[in-house]
Amino acid sequence: MGAKIQSVFCRPQTKGENMLSLKSKYRTHTCGELSAKNVGETVMLSGWVHRKRDHGSLLFIDLRDNYGITQIVIDGGNDDLERVRPESVLQVTGKVVARDASQVNEKIPTGEIEISVESWKVLTNADVLPFQVFGDDDTVSEDLRLKYRYIDLRRDSLHNNILTRNRIMKFLRDKMWDLGFSEFQTPILTVSSPEGARDYIVPSRNHHGMFYALPQAPQQFKQLIQIAGFDRYFQIAPCFRDEDLRADRLLEFYQLDLEMSFVDLRDIQAVGNEVMPELIKKFVPDAIVDPNIPHIPFDEAMLKYGSDKPDLRNPILISDVTEIFRGSDFGIFANAIESGSVVRAIPAPNSADKPRSWFDKLGEYAVKELGLGGLGYIIFADEAKGPVAKKLDADRIEKLHKIAGDNSLLFFVCDKAESAAKAAGKLRIKLGEDLGLVNPHEFRFCWIEDFPMYELNEETGAIDFGHNPFSLPKGELDGDPLKIKANQFDMVLNGAEICSGGLRNYNPETMVRAFAIAGYGPEVVKEKFGGMYAAFQYGAPPHGGCAFGIDRLVSIILGTNNLREVVLFPTNQRGQDLMLGAPREVTEQQLREVHIQVRKKN
RNA sequence: GGGGUUGUAGCUCAGCUGGUUUAGAGCGUCUGCCUGUCACGCAGAAGGUCGCGGGUUCGAGCCCCGUCAAUCCCGCCA
């Protein structure tokens with residue numbers, strides 16, 4: 001608790017070389033700047049009543065503003081001030097006096113002094129609060145906090161989060177300028193695109209029955225910026241997606257969006273290498289940042305980590321042990337392998353002595369959360385133990401023992417390749433957490449590359465684009481489309497995807513052929529992406545780029561997994577603004593103007 | 001669209017197997033006392049449609065059904 005109060009004076013403030021004075025008719029100083037040097041001065045402060053301590057004829061008030069907290073003393077007491085509620089706004093004039101050595105409050109930087117009040121004025125009164133600002137209690141329910149966001153934002157942790165975000169934005173913008181990128185703005189009212197997420201649509205008044213869409217990303221515009229010859233562009237861009245929310249997903253969010261001409265993949269990734277480790281070092285004081293950022297092919301990531309966004313802090317590596325189980329007496333796996341399943345092994349280091357209850361819990365997790373039939377395992381203590389071990393011969397056991405290591409466990413997941421990889425990946429994460437293998441002070445980046453250009457739609461059997469349809473395929477487009485890789489990458493930090501990008505398909509013929517494989521005829525390309533397709537006819541430079549998710553980066557830096565903790569005015573999980581009441585109905589007149597009739601709810 | 005969890009005072013929660021009367025605690029609020037607190041202290045008070053609707057029962061905060069809301073996850077989504 002003390003540490004939390006302490007952070008009031010550690011607020012990451014905006015500071016400029018030509019700061020405007022903070023003095024005004026309301027204050028000569030802020031609540032965070034007076035010290036022993038000011039003793040004897042008469043000062044005026046304005047701020048919120050953070051806390052009162054009433055000793056009868058002696059009253060202490062902690063006065064708080066954006067910059068800190070200063071203690072106000074009213075000697076002799078005062079009935080009116082004693083009744084002022086917390087969070088009322090007060091203006092006080094008084095003398096700066098030194099505190100006795102025994103009364104210095106080391107938790108706040110103004111703790112050597114206090115203000116002996118000579119006159120005061122209540123600027124505004126606060127009603128009884130829906131929740132307390134003081135104490136920074138983070139157990140208050142989120143809907144209440146969102147409804148009174150302006151009060152929540154006064155609380156120490158959230159206030160600091162937003163100020164830190166402010167400084168991160170400044171850092172990113174300065175850095176991009178420093179690296180030679182130009183900052184442009186692209187339209188917010190734009191065209192609906194058929195690929196990817198659902199668009200937010202905006203009805204047009206002047207064009208009957210037509211709609212704008214809010215951009216999911218400035219993808220087409222930033223490519224057109226390249227065709228227009230601007231070479232290196234960046235933007236801190238708002239993006240909108242009309243999809244269901246999660247704790248780590250917002251309906252509007254910000255990306256550091258960039259695009260470059262005449263580059264290869266490594267040139268784009270150089271931006272990430274340049275900016276991201278420095279960002280973490282600058283904003284996380286005790287961060288351990290590994291400057292080595294490995295490049296991992298997608299297929300390898302899925303096999304070794306069971307995920308395309310691996311947390312490299314977790315030392316567990318998954319192995320494919322299909323061949324060890326093939327033809328073994330462990331019938332469940334051996335039979336499944338014959339019908340096309342694979343077996344993945346997940347080692348749990350130094351846990352051979354775990355109690356029975358630990359296994360039961362993991363088994364329950366595997367069945368309930370991962371949808372597995374059960375969780376097979378072998379314990380490698382003095383000898384190999386467990387129901388699976390009994391069915392395997394010494395040779396197979398020895399091979400598995402090598403993978404697991406001594407005093408360890410080996411868990412097995414048997415399923416079709418993709419499902420097995422995913423389940424093994426989740427188990428890897430779970431084991432990492434449960435065994436405390438992940439160091440929260442560590443920051444490990446990696447690049448995931450060679451994503452498949454296309455994937456099979458399980459339901460329809462059709463070939464779909466795997467990720468970004470504008471990506472440049474690697475190599476030839478002949479042969480099995482599912483084997484074609486894309487010039488595309490993600491940047492991953494501690495198990496979170498923080499960036500996605502790649503080289504773009506800038507050749508109109510290749511573009512038509514790439515779309516044809518996914519079942520879109522040339523007429524569709526010309527219709528849906530007509531503007532861009534036309535632009536490619538007039539000399540497009542080879543280009544590529546990427547976009548970093550700013551909200552996610554800020555949340556990783558601040559160590560929260562809830563994006564609403566790093567956004568000023570977020571919606572709730574159903575996309576509602578509980579404070580201002582959005583979305584809401586509009587008038588019949590407004591609907592008529594945009595030619596819209598609302599359907600009855602069935 | 002589907003699943004899990006939750007809903008009791010302004011806030012955070014407890015409330016046992018359905019039966020102790022007037023549903024409790026901490027914080028907050030209000031009143032009184034207090035000159036050195038900084039999570040001040042002490043004494044007292046107010047504050048409840050147990051989310052809402054229905055059902056089972058002699059009896060429901062607790063069980064059942066429905067419904068609404070919140071949250072987390074899956075689907076969806078870079």
Side-chain angles (χ1 to χ4, degrees), chain A residues 1-2 4-6 8 50-63 69-77 79 82-83 85-87 97 99-108 110-111 114 116 126-148 151 195-199 216-217 219 239-251 253 255 257 308-309 368-371 422 426 448 451 459 465-468 471 488-492 496-502 546-549 551-552 561-562 564 572-574 576 578:
Chain A
M1 189 64 97
K4 279 188 177 175
I5 291 166
Q6 193 164 10
V8 167
H50 190 63
R51 191 78 171 157
K52 283 184 306 184
R53 290 175 296 280
D54 179 3
H55 290 243
S57 49
L58 181 69
L59 174 65
F60 298 101
I61 293 177
D62 290 338
L63 200 65
I69 282 182
T70 301
Q71 176 166 278
I72 311 298
V73 197
I74 298 90
D75 205 348
D79 282 352
E82 279 162 18
R83 278 181 182 76
R85 281 206 196 91
E87 296 307 308
V97 296
R99 301 198 199 184
D100 287 350
S102 63
Q103 288 156 9
V104 167
N105 183 353
E106 288 174 356
K107 292 178 190 165
I108 56 175
T110 61
E114 62 196 8
S116 178
D127 212 334
V128 175
L129 299 164
F131 52 85
Q132 289 167 246
V133 172
F134 169 78
D136 210 30
D137 176 8
D138 54 7
T139 59
V140 180
S141 73
E142 194 168 53
D143 57 333
L144 197 72
R145 291 174 55 198
L146 289 172
K147 185 173 178 187
Y148 300 95
I151 296 175
E195 278 290 323
R198 190 179 293 119
D199 286 312
Q216 298 174 29
Q219 179 69 29
C239 304
F240 307 86
R241 287 182 191 145
D242 188 6
E243 295 292 348
D244 288 356
L245 271 47
R246 293 279 190 286
D248 65 347
R249 232 191 272 165
L250 301 167
L251 49 83
F253 55 96
Q255 291 193 333
D257 190 51
D308 60 357
K309 42 182 183 179
K368 233 178 139 183
E369 300 284 327
L370 306 182
K422 281 187 182 168
K426 284 182 178 165
I448 306 297
F451 284 91
E459 282 173 28
F465 282 112
H467 295 78
N468 189 331
S471 285
Q488 183 160 354
F489 59 79
D490 282 356
M491 193 185 206
V492 173
E497 180 204 312
I498 57 164
C499 169
S500 190
C546 60
F548 294 87
D551 307 275
R552 202 165 282 175
N561 50 12
N562 188 345
R564 289 174 216 128
N572 67 4
Q573 203 187 206
R574 299 179 70 197
Q576 296 166 306
L578 300 174

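Below, chains carry the letters A, B, ... as their sequence lines are ordered, and counting in each starts from 1. Computed over heavy atoms, backbone and side chain alike; hydrogens, waters and symmetry mates excluded. Being a predicted model, the structure only gives us computed values, none of them experimental.
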Tell me which of D490(A) and R574(A) sits closer to the 5' end of RNA chain B, going by the nucleotide each one is nearest to. R574(A)
Starting at the 5' end of RNA chain B and moving along, which residue's nearest nucleotide shows up first, R249(A) or E142(A)? E142(A)
Checking base pairs now: Watson-Crick or wobble, both atom distances under 3.5 Å. What partners [N]?
N      : answer
G28(B) : none
G53(B) : C65(B)
G41(B) : C33(B)
A70(B) : U5(B)
A60(B) : none

Side chain of F134(A), heavy atoms from C-beta onward: which of A70(B), A39(B), C76(B) has the nearest atom to it? A39(B)
Nearest of G36(B), G1(B), U12(B) to any side-chain atom of V140(A)? U12(B)
Less than 5.5 Å between centroids and less than 30° between ring planes, does F60(A) satisfy that with U37(B)? yes
Stacking between U37(B) and H55(A), yes or no? Criterion: centroid separation under 5.5 angstrom, plane angle under 30 degrees. no
Using a cut-off of 4.0 Å on non-hydrogen atoms, how would the nucleic acid contact of [X] be classed: base, sugar-phosphate, or nothing?
X       : value
R552(A) : nothing
L245(A) : nothing
T139(A) : sugar-phosphate
R241(A) : sugar-phosphate
D75(A)  : base
Q576(A) : sugar-phosphate
R564(A) : sugar-phosphate

Could you check whether atom NZ of K52(A) has more than 12 heavy atoms from other residues, nucleotides or ligands sitting under 6.0 Å from it? yes
Within 6.0 angstrom of D143(A) CG, more than 12 heavy atoms from elsewhere: yes
L245(A) meets the side chain to side chain contact (heavy atoms under 4.5 Å, CB included) criterion, sequence neighbours left out, with L251(A), T571(A), Q573(A)
Among residues at least two apart in sequence or on other chains, which ones pass side chain to side chain contact (heavy atoms under 4.5 Å, CB included) with T110(A)? T70(A), I108(A), I113(A)
d([atom1], [X]; [atom2], [N]) in whole Å:
X       : N      : atom1 : atom2 : result
N562(A) : C73(B) : CG    : P     : 9 Å
R246(A) : G2(B)  : CZ    : C1'   : 11 Å
D54(A)  : C42(B) : CG    : P     : 15 Å
L144(A) : G7(B)  : CG    : C1'   : 14 Å
R53(A)  : C34(B) : CZ    : C1'   : 15 Å
D143(A) : U6(B)  : CG    : C1'   : 12 Å
N105(A) : A39(B) : CG    : C1'   : 12 Å
L146(A) : C11(B) : CG    : C1'   : 16 Å

Whole-Å [atom1] distance, [N] and [M]:
N      : M      : atom1 : result
A25(B) : G48(B) : C1'   : 15 Å
G61(B) : A45(B) : C1'   : 26 Å
G47(B) : A23(B) : P     : 12 Å
C72(B) : G66(B) : C1'   : 24 Å
G53(B) : C68(B) : C1'   : 10 Å
G28(B) : U21(B) : P     : 29 Å
C62(B) : U17(B) : C1'   : 10 Å
G7(B)  : G51(B) : C1'   : 6 Å

Any donor-acceptor N/O pair, R198(A) side chain to D242(A) backbone, under 3.5 Å: yes
Check: Q216(A) side chain, A197(A) main-chain N or O, donor-acceptor pair, under 3.5 Å: yes
Not counting sequence neighbours, which residues clear salt bridge (charged side-chain N to carboxylate O under 4.0 Å, His left out) with D551(A)? List them please. R165(A)
Please test D244(A) against R249(A) for salt bridge (Lys or Arg N to Asp or Glu O under 4.0 Å), starting from the C-alpha separation and ending with a verdict. CA-CA 8 Å; D244(A) 288 356; R249(A) 232 191 272 165; over 6 Å; no
At less than 3.5 Å, do the side-chain atoms of D244(A) and the base atoms of G75(B) form a donor-acceptor pair? yes
Is Q103(A) side chain donor-acceptor paired with the U37(B) base, going by distance under 3.5 Å alone? no
Any side-chain donor paired with an acceptor under 3.5 Å for N572(A) and E142(A)? no
For nucleotides 25-29 of chain B, tabulate all protein N/O to nucleotide N/O atom pairs closer than 3.5 Å, reporting atom names and distance.
| from | atom 1 | to | atom 2 | distance (Å) |
| --- | --- | --- | --- | --- |
| C27(B) | O2' | Q132(A) | OE1 | 2.7 |
| G28(B) | OP1 | R51(A) | NH2 | 3.4 |

For F131(A), which residues count as a ring pair (Phe, Tyr, Trp, His ring centres under 6.0 Å) partner, sequence neighbours excluded? none
If the condition is ring pair (Phe, Tyr, Trp, His ring centres under 6.0 Å), which residues does F451(A) pass it with, not counting sequence neighbours? F298(A), H467(A)
Using a cut-off of less than 4.0 Å, is there contact between a side-chain N or O of Q216(A) and OP1 or OP2 of C77(B)? no
Taking only N and O in the side chain of S57(A), is any of them less than 4.0 Å away from OP1 or OP2 of U35(B)? yes
